[in-house]
Amino acid sequence: MISSIFGKTKPINFIIVLSFLFAAYWLVLFFLHNSTYDIYELVLQVLFFTVLAFSVFVVDFIVKRNKITAPNSFAILFYALLILVFPETLADSSAIFCSLFLLMATRRLISIRSLKNIKLKVFDATLWVMVSSLFYEWAIIYLVLVFLAIYIYEPKNIRNWIVPFVGVFTVFMIAYCVLILSNKTDFLVDHYQFSFEFNVAYFSKWANSTKLVIYVILTFLAMIFAFLKLGKAGLGQIVTMRLIGFSFVLGLILKVLTSSADAHPIMVTFFPAAVFITNYVESIKKPNIKEVVLMVSVFIPLVILLTTLVIK
């Protein structure tokens, strides 16, 4: 049943996914955090959910435009399910915004494979990475992904290597002008501290550490399988998957570097994980087995979400 619905690209798939996310979002806010909101705060929360919903559309656009997966809706399904596995991310607006802007950066980097307007795409990707770093300062490490894309696609053109520095300078100049107008000129200095304090309390909790370890292991297994499957694919597709895989690794590093109690940057890894899991599911030839895998994939995140709400 699940494969018959999400095995195709239909508008109803977005309605189903966004409905689940909408319900989960408000359950987490009102029950997991036991928060109360006034009208202004509710409007902000609606804005945050809108950004999250837009991220789902960006995920779908990236995988379909670049033909990263087959023409189906499994990517957005798994993206939403991973959010349910880590429901605490829904209460972190910085994670939602940072994830969106890194998705936009990834979109531009993947599109470089056409070898058209490379400098413009590198510049755009750099801008999005720097904007994402305004929410988590360590997100700036995704500039490594920008330089990796340059190295892969057109390393001999020296101007390509200069473009990211121009992008960084541009964002800082625009941000500084805005901060002068708002009389908050100390923000950049205070924000980009790049301090690191390992959150022992978070990782010492059995539920958190076990869930994270299982998630990482399963994603890496799906990644290995995806690369084995791509053995006979074109070079462009292999390079794209390498960029996505490296993005996942950078996301894990960001999670470790930003491990405070209120920060949940693990959300930035959901897109690459969803891509690799989708590739694995697509490779299952027997319909019955595929259906069982999908049912388990839906059932477990729902159980984790409900268990988290009940225990909390």
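Residue indices begin at 1 and follow the sequence shown.
Here the two rings, on Tyr79 and Phe271, have centers that are 6.0 Å apart or farther.
Within the 4.5 Å cutoff, the side chain of Cys98 has heavy atoms near those of the Val268 side chain. Taking the side chain as every heavy atom from C-beta outward, Ile2 and Leu77 approach each other to under 4.5 Å. Residues Val275 and Phe78 are not in side-chain contact: their nearest non-hydrogen atoms beyond the backbone lie 4.5 Å or more apart. Within the 4.5 Å cutoff, side-chain heavy atoms of Ile76 are placed close to those of Phe14. Contact check for Val163 versus Ile118: no side-chain heavy atoms found under the 4.5 Å cut-off. No side-chain heavy atom of Lys286 sits under 4.5 Å from any side-chain heavy atom of Asn288. Tyr153 places none of its side-chain heavy atoms less than 4.5 Å from the side chain of Asn160. Between Ile217 and Val213, the closest side-chain pair of non-hydrogen atoms falls below 4.5 Å.
Leu243 contributes atom CG, which lies 8.5 Å from atom OG1 of Thr106 (distance to the nearest 0.5 angstrom). Interatomic distance, Leu81 CG to Ile277 CD1, rounded to the nearest 0.5 Å: 8.5 Å. Taken from CD1 in Ile83 to CZ in Phe270, the straight-line distance is 6.5 Å, to the nearest 0.5 Å. Summarising the geometry, atom CZ belonging to Phe225 is positioned 9.0 Å from atom CG belonging to Asn279; distances are rounded to the nearest 0.5 Å. Here CG of Leu134 is found 10.5 Å from OG of Ser94. Values are rounded to the nearest 0.5 Å. Between the CD1 atom of Ile162 and the CG atom of Asn157 there is a distance of 9.0 Å, given to the nearest 0.5 Å.
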Does the pair Phe49 and Leu90 meet the rule for a side-chain contact (heavy atoms from CB on, under 4.5 Å), with working shown?
-> CA-CA 8 Å; Phe49 176 78; Leu90 292 173; over 6 Å; no
Show your working on ring-ring contact (aromatic ring centres under 6.0 Å, His included) between Phe147 and Phe165 and close with a plain yes or no.
-> CA-CA 11 Å; Phe147 286 108; Phe165 296 100; 5.7 Å; yes
Chi angles and distances behind the side-chain hydrogen bond (donor to acceptor under 3.5 Å, both in side chains) call for Thr69, Lys64 = CA-CA 7 Å; Thr69 65; Lys64 289 179 181 176; over 6 Å; no
Report the C-alpha distance between Phe276 and Leu221 in whole Å, list the side-chain angles of each, state the deciding distance to 0.1 Å, and finish with yes or no for side-chain contact (heavy atoms from CB on, under 4.5 Å).
-> CA-CA 9 Å; Phe276 290 121; Leu221 289 175; over 6 Å; no
side-chain contact (heavy atoms from CB on, under 4.5 Å) between Leu294 and Phe6: does it pass, once the steps are laid out?
-> CA-CA 10 Å; Leu294 289 171; Phe6 288 93; over 6 Å; no
For Ile96 and Met267, run side-chain contact (heavy atoms from CB on, under 4.5 Å): C-alpha distance rounded to whole Å, both residues' side-chain angles, the deciding distance at 0.1 Å, then the answer.
-> CA-CA 7 Å; Ile96 294 174; Met267 180 178 281; 4.1 Å; yes
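Of all heavy-atom pairs spanning Pro87 and Lys211, the tightest one is CD-NZ, 4.3 Å. Taking both residues in full, the closest heavy atoms of Asn72 and Gly7 are given as CB-O, 3.5 Å, listed atom of the first, atom of the second, then distance. Of all the heavy atoms in Ile68 and Met241, the pair that sits closest is CG2-SD, 3.8 Å. Scanning both residues, Gln237 and Asn66, for their nearest heavy atoms gives OE1-O, 4.1 Å. For the residue pair Phe123 and Gly167, the shortest heavy atom distance occurs at CE1-CA, 3.6 Å. Of all heavy-atom pairs spanning Ala274 and Thr278, the tightest one is O-OG1, 2.7 Å.
If you check the side chains of Ser114 and Lys121, you find a donor sitting under 3.5 Å from an acceptor. Between the side chains of Tyr142 and Ser133, no donor-acceptor pair is found at a separation under 3.5 Å.
With Lys290 contributing its side chain and Ser3 its backbone, the two residues share no donor-acceptor pair below 3.5 Å. Using a distance-only test at 3.5 Å, with no hydrogens or angles considered, a donor-acceptor pair links the side chain of Asp92 to the main chain of His264. The backbone N or O of Phe86 lies less than 3.5 Å from a partner atom in the side chain of Thr89, making a donor-acceptor pair. Under the 3.5 Å distance criterion, the side-chain polar atoms of Asp60 are left unmatched by any main-chain donor or acceptor of Val56. The backbone N or O of Pro155 lies less than 3.5 Å from a partner atom in the side chain of Trp161, making a donor-acceptor pair.
Within the structure, salt bridge (charged side-chain N to carboxylate O under 4.0 Å, His left out) pairs that include any residue of residues 122-150 comprise Arg108-Asp124 (at least two apart or interchain).
Residues meeting the salt bridge (charged side-chain N to carboxylate O under 4.0 Å, His left out) test with Glu282, sequence neighbours left out: Lys229. Residues that satisfy the side chain to side chain contact (heavy atoms under 4.5 Å, CB included) test with Thr126, not counting sequence neighbours, are Val122, Met130, Leu143, Val146, Pro164, Val168.
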What side-chain donor-acceptor pairs closer than 3.5 Å can you find for residues 17-30, not counting sequence neighbours?
{"residue": "Ser19", "atom": "OG", "partner": "Ile15", "partner atom": "O", "Å": "2.6"}
{"residue": "Tyr25", "atom": "OH", "partner": "Gln45", "partner atom": "O", "Å": "3.3"}
{"residue": "Tyr25", "atom": "OH", "partner": "Gln45", "partner atom": "OE1", "Å": "2.6"}

For residues 244-253, dump all side-chain donor-acceptor pairs below 3.5 Å to protein atoms at least two apart in sequence or in another chain.
none

In residues 170-189, what donor-acceptor pairs under 3.5 Å come from side-chain atoms, sequence neighbours left out?
{"residue": "Thr170", "atom": "OG1", "partner": "Val166", "partner atom": "O", "Å": "2.7"}
{"residue": "Ser182", "atom": "OG", "partner": "Val178", "partner atom": "O", "Å": "3.0"}
{"residue": "Ser182", "atom": "OG", "partner": "Leu179", "partner atom": "O", "Å": "3.2"}

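In this structure, Phe97 and Phe135 have parallel ring planes: the angle between them is below the 30° cut-off, well short of the 60° mark.
In terms of hydrophobic clustering, with Ile, Leu, Val, Met, Phe, Trp and Tyr side chains grouped at heavy-atom distances under 4.5 Å, Met223 and Leu218 are assigned to different clusters. No continuous path of ILVMFWY side-chain contacts below 4.5 Å connects Leu302 to Ile214, so the two sit in separate hydrophobic clusters. Residues Val43 and Tyr40 fall into different hydrophobic clusters, defined by Ile, Leu, Val, Met, Phe, Trp and Tyr side chains chained together at heavy-atom separations under 4.5 Å. Transitive grouping of hydrophobic side chains (ILVMFWY, heavy atoms separated by less than 4.5 Å) keeps Leu100 and Phe61 in distinct clusters. Both Val256 and Leu254 belong to a single network of hydrophobic side chains, linked directly or stepwise wherever heavy atoms of I, L, V, M, F, W or Y lie under 4.5 Å apart.
Around CD1 of Ile39, the count of heavy atoms belonging to other residues, nucleotides or ligands within 6.0 Å does not exceed 12.
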